[in-house]
Amino acid sequence: MAITTTVITGATSGIGEATAFALARKDHALYLLVRNVQKSGELKQRISKETGNKNVHIVYCDLTDLTTVAAAADELRSKLFNVQVLINNAGGMFNHFALTKDGFETTFQLNHLGHFLLTKKLMPLLEKGQARIINVSSDLHRRGKPDFESINDPQKYSAMGAYGNSKLFNIYFTKSIAGRYASKGITSYALHPGVVKTNFNSKLTGGLKLMFSLATPFMITAEKGAETSVYLATAPKLEPKSGSYFVRKKPVKPAGIAQDETSRERLWNLSETMVAKFDV
Ligand SMILES: NC(=O)c1ccc[n+]([C@@H]2O[C@H](COP(=O)([O-])OP(=O)(O)OC[C@H]3O[C@@H](n4cnc5c(N)ncnc54)[C@H](OP(=O)(O)O)[C@@H]3O)[C@@H](O)[C@H]2O)c1
């Protein structure tokens, strides 16, 4: 049986970790792109021990440092012939405005731009693998109201606003890939995993932490939260649904603003300009 090679970001915790375990059980060769190498060494051992799958590999990649993202993609290109599944899963929300060392607002770079660069740099492998690109979005994309001029403006920053925009960008990115790369055999899907008990709110403070804490008793497990990612990575015959947004393994209509082709194109062009120095 041919081995499926799968690249996942954010597998050291929560939904990404549960996704990695589930795909390891389905015999995928896993390339885990992580920023915490110590934590990932322990994770690799656990996956191998609990699933029997020894085909688990760690690649350093901090999505808030684009040089490491480009280096991770180069490392994969030097090691692999193709990739069949890319799961852009890592993400976060931040109380306070901060710029990354690349000069972009952190939520924007972690949740969107880092994955944009990674995906573009991996395109030769993804094309050879006729890959599925899966972007973990959120129902909070419905809070998105993108103002492309103010992404880097601390005066206009709110944690929820930046997060909602970034998750809307995940859907724009999904639809753009589906449109631009269909002729290359590449498909793309976005998803909402549910409201999931993970480390997501561990670094939040104040009202935001309280809001997420109050929701904790109603949250689903990481394993349940990973189900749609695993479904999209493994289900046969999904191609006609390329570009769709999935919730509980079913395509669902996203917010009206997610269909805005002008904003979608603007995001693509802006992102290309922002990563242009990495030669994508
Ligand atoms: N939890 C929910 O209810 C929920 C709902 C909707 C959507 N989501 C989405 O689901 C995805 C996974 O979130 P989660 O709930 O599983 O959260 P989580 O437990 O906090 O996991 C986040 C993952 O992202 C990684 N990460 C954070 N910053 C990174 C960076 N700079 N570079 C590389 N990796 C980085 C983390 O690595 P470390 O282990 O090193 O911190 C961790 O592996 C996110 O995209 C989130 O927006 C979650």
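One-based numbering, in listed order, for ligands and for the atoms of each. These numbers come from the heavy atoms of this one structure, side chains and all, not from hydrogens, waters or symmetry mates. In what follows, residues are counted from 1 in the order of the sequence shown.
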For Asp62, all residues meeting salt bridge (charged side-chain N to carboxylate O under 4.0 Å, His left out), sequence neighbours excluded: none
Under 4.0 Å from ligand 1, counting heavy atoms only: the protein residues, by chain and number: Gly10, Ala11, Thr12, Ser13, Gly14, Ile15, Arg35, Asn36, Lys39, Cys61, Asp62, Leu63, Thr64, Asn89, Ala90, Gly91, Leu110, Val136, Ser137, Ser138, Tyr163, Lys167, His192, Pro193, Gly194, Val195, Val196, Thr198, Asn199, Phe200
Any heavy-atom pair between the side chains of Lys121 and Val69 that's under 4.5 Å? no
Pairs in or reaching into residues 40-49: which pass salt bridge (charged side-chain N to carboxylate O under 4.0 Å, His left out), with residues at least two apart or in two chains? Glu17-Arg46, Glu42-Arg46
Answer yes when Lys156 and Glu149 have at least one side-chain N-carboxylate O distance shorter than 4.0 Å, and no when they do not. no
May I ask you to say whether Glu265 pairs ionically with Arg180, meaning some side-chain N is under 4.0 Å from a carboxylate O? yes
Restricting to pairs with a member in residues 202-221, which pass side-chain hydrogen bond (donor to acceptor under 3.5 Å, both in side chains), not counting sequence neighbours? Asn95-Thr205
